[in-house]
Amino acid sequence: MNHTRILGIGAYRASRVVPNSEIVERIDSSDEWVQQRSGIRERRWATEDETVRSMGLAASRQALERAGVDARQIDCVIVATVSHFMQTPAVATLIAHDLGADQPAAFDISAACAGFSHGIALASDLVRGGSARHVLVVGVERLSEITDPDDRGSAFIFADGAGAAVVGPSETPGIGPVVWGSDGEQYDLIRQREDWREVIVAEQPRMPHLTMQGAAVFRWASFTMAKVGLQALDRFGIGPDDLDCFVPHQANMRITDAMARAMKLPETVRVARDIATQGNTSAASIPLALDRMYLDGEARSGDRALLIAFGAGLAYAAQVVVLP
Ligand code: UT7
């Protein structure tokens, strides 16, 4: 079998529902402004016991169950995250162990909001190349911990949760060629404000918060990513009219709409809008958004979905997948 596909998708939403009203006063904003500029009504934040490890595990268990794959059949676990604060070893090793997997290869990747699509691309190539038969890809974040509650430009955006997918062999193409890249010249547009050393020597040590030049990221994402999306369609051999679902990284509802317009997606394409009640969960946002589409009856097995992930780095990755 020369092809690959996603066999199952799992999700875990952090349990605390945080409405805009809980955030806006501190940043001199309003519920109306946040909804209008970002599309976010409320977001999910983790409680003390909802860790990157526990949320990643819960999403993974669901993905395996839905895929009908036993943990012992997993040869490789890839976790995309920027909020696992133990720099080494990788949280992927813990999740693999917690699942009862048979000591698979396990490593974390750092591609920020583009992490899940990077993971799917790697998994697909590992299976096609014969290095693994089943790969578990996890996107998980606990961004509430590294969000500055006083930063007007980001306090209302970031959120917590996990999503996972099992990738395995297929007789027909189920994961298209990835279109990906990065632009290190724009490294400063979204980043951790301080590195760990700077945090430790600071007079008042605190978690290294995320910082973002929102408007510049907004422009880049809205226009450059639409071209990347069209290339991903082209590399799968389809056009916008052949697409069933559009599942971009849930960064901002206006970016999603701008991309859909720029790609001239027909109205028949169902568009992921999970950000409204989940917020922006970086590496977890695409699988969470897919899960929501299934729950709402907007995604069905066999649908062709365009995934586009983008964020800090500025890193991006897009591919067409056939939904399990
Ligand atoms: O996931 C990683 C990738 N991240 C993204 O893709 C995020 C991309 N960026 C965005 O989502 C948007 O840039 C934001 C939602 C963060 C901000 O929306 P915007 O439409 O780009 O706002 P802006 O920064 O251009 O600011 C517009 C105005 C300014 O006022 P003036 O200069 O027009 O008078 C800001 O001072 O809105 C003001 N403003 C606010 N007002 C109320 C900025 N932040 C706020 C706020 N509440 N929180």
Side-chain angles (χ1 to χ4, degrees), residues 18-44 80-83 110-118 139-144 146-161 163 180-183 186-193 209-226 228-229 246-260 262 272-276 278-289 307-318:
V18 180
N20 288 339
S21 57
E22 211 178 295
I23 288 173
V24 291
E25 203 175 316
R26 200 161 163 176
I27 54 171
D28 186 23
S29 187
S30 66
D31 175 34
E32 193 191 4
W33 191 94
V34 172
Q35 286 204 41
Q36 201 184 45
R37 295 289 176 133
S38 70
I40 301 173
R41 292 202 305 273
E42 59 190 30
R43 74 281 296 130
R44 295 297 193 103
T81 185
V82 293
S83 44
S110 173
C113 305
F116 184 75
S117 281
H118 275 67
V140 53
E141 303 289 3
R142 201 179 134 104
L143 298 177
S144 58
I146 48 171
T147 296
D148 180 351
D150 294 312
D151 179 7
R152 285 186 104 203
S154 66
F156 56 92
I157 288 195
F158 297 120
D160 307 334
W180 57 358
S182 67
D183 181 2
Q186 312 216 58
Y187 186 85
D188 285 336
L189 288 192
I190 318 175
R191 65 180 184 94
Q192 197 173 294
R193 198 175 289 153
H209 290 147
L210 293 171
T211 172
M212 175 171 73
Q213 294 176 39
V217 179
F218 189 101
R219 283 193 298 276
W220 167 77
S222 301
F223 300 105
T224 314
M225 287 307 100
V228 168
F246 176 43
V247 194
H249 164 49
Q250 301 290 289
N252 182 317
M253 198 83 87
R254 286 159 57 221
I255 295 179
T256 297
D257 289 333
M259 285 192 290
R273 299 192 179 281
D274 191 41
I275 191 170
Q278 175 66 49
N280 175 343
T281 53
S282 188
S285 90
I286 286 182
L288 280 169
L307 316 183
I308 305 186
F310 53 88
L314 293 172
Y316 62 88

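Read the numbers this way: they start at 1 and go in the same order the structure lists the ligands and their atoms. Just so it is clear, the values below take in all heavy atoms, side chains as well, and ignore hydrogens, waters and symmetry mates.
- Close approach to R37 involves these atoms of ligand 1, each under 4.0 Å from a residue heavy atom: 15 (C), 19 (P), 20 (O), 22 (O), 27 (C).
- Side-chain contact, E141 with S83: a donor N or O sits under 3.5 Å from an acceptor N or O.
- Shortest non-hydrogen contact noted between A312 and A112 is CB-CB, 3.7 Å.
- Distance check: W33 CH2 to R152 CZ gives 7.0 Å after rounding to the nearest 0.5 Å.
- Ring orientation note: the planes of F310 and H249 are nearly perpendicular, at an angle over 60° on the 30°/60° scale.
- To the nearest 0.5 Å, atom OG of residue S21 and atom CG of residue D31 are 7.0 Å apart.
- For G153, the closest heavy-atom approach to ligand 1 falls below 4.0 Å.
- At least one N/O-N/O distance between G214 and ligand 1 falls below 3.5 Å.
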Check: residues 216-224 side-chain donor-acceptor pairs under 3.5 Å, at least two apart:
residue, atom, partner, partner atom, Å
S222, OG, F218, O, 2.8
T224, OG1, W220, O, 3.0

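- The shortest heavy-atom distance from V24 to ligand 1 is not under 4.0 Å.
- Nearest protein heavy-atom neighbour of atom 24 (O) of ligand 1: A215 CB, 4.4 Å.
- Between R254 and R37, the closest heavy-atom pair is NH1-O, 2.7 Å.
- Here the heavy atom of the protein found nearest to atom 4 (N) of ligand 1 is M212 SD, 3.5 Å.
- Close contacts between ligand 1 and N280 involve ligand atoms 1 (O), 2 (C) [criterion: under 4.0 Å to a heavy atom].
- Every atom of ligand 1 is numbered from 1 in the order shown, and the set under 4.0 Å from a heavy atom of N252 is 10 (C), 11 (O), 12 (C), 15 (C).
- Considering only non-hydrogen protein atoms, atom 35 (C) of ligand 1 sits nearest to R152 NH1, 4.5 Å.
- Within the 4.0 angstrom cut-off, atom 33 (O) of ligand 1 has no protein heavy-atom neighbours.
- Protein heavy atoms are found less than 4.0 angstrom from atom 48 (N) of ligand 1.
- Residue contacts with ligand 1 include C113, since one of its heavy atoms falls under 4.0 Å from the ligand.
- Of all heavy-atom pairs spanning F246 and P248, the tightest one is O-CD, 3.3 Å.
- Minimum interatomic distance between A226 and A262 (heavy atoms only, all atoms of both residues): CB-CB, 3.5 Å.
- Taking atom 37 (O) of ligand 1 as the reference point, the nearest protein heavy-atom neighbour is W33 CZ2, 3.4 Å.
- Residue contacts with ligand 1 for I190 involve side-chain atoms from C-beta outward but no N, CA, C or O (heavy atoms, distance under 4.0 Å).
- Under the 4.0 Å criterion applied to side-chain N and carboxylate O atoms, D148 and R26 are not assigned as salt-bridge partners.
- Per-atom contact check: atom 19 (P) of ligand 1 touches the protein, criterion being a heavy-atom distance below 4.0 Å.
- Atoms OG and CG, on S154 and L210 in that order, are 7.0 Å from each other to the nearest 0.5 Å.
- Interface atoms of ligand 1 facing I255, defined by a heavy-atom separation under 4.0 Å, are 6 (O), 8 (C).
- Protein heavy atoms come within 4.0 Å of atom 12 (C) of ligand 1.
- Atoms of ligand 1 lying under 4.0 Å from at least one heavy atom of S29, given by number and element, are 42 (C), 46 (C), 47 (N), 48 (N).
- Listed by number with element, the atoms of ligand 1 under 4.0 Å from a non-hydrogen atom of I157 are 16 (C).
- At least one N or O atom of H249 sits closer than 3.5 Å to an N or O atom of ligand 1.
- Heavy-atom minimum distance, N20 versus R43: OD1-NH2, 2.7 Å.
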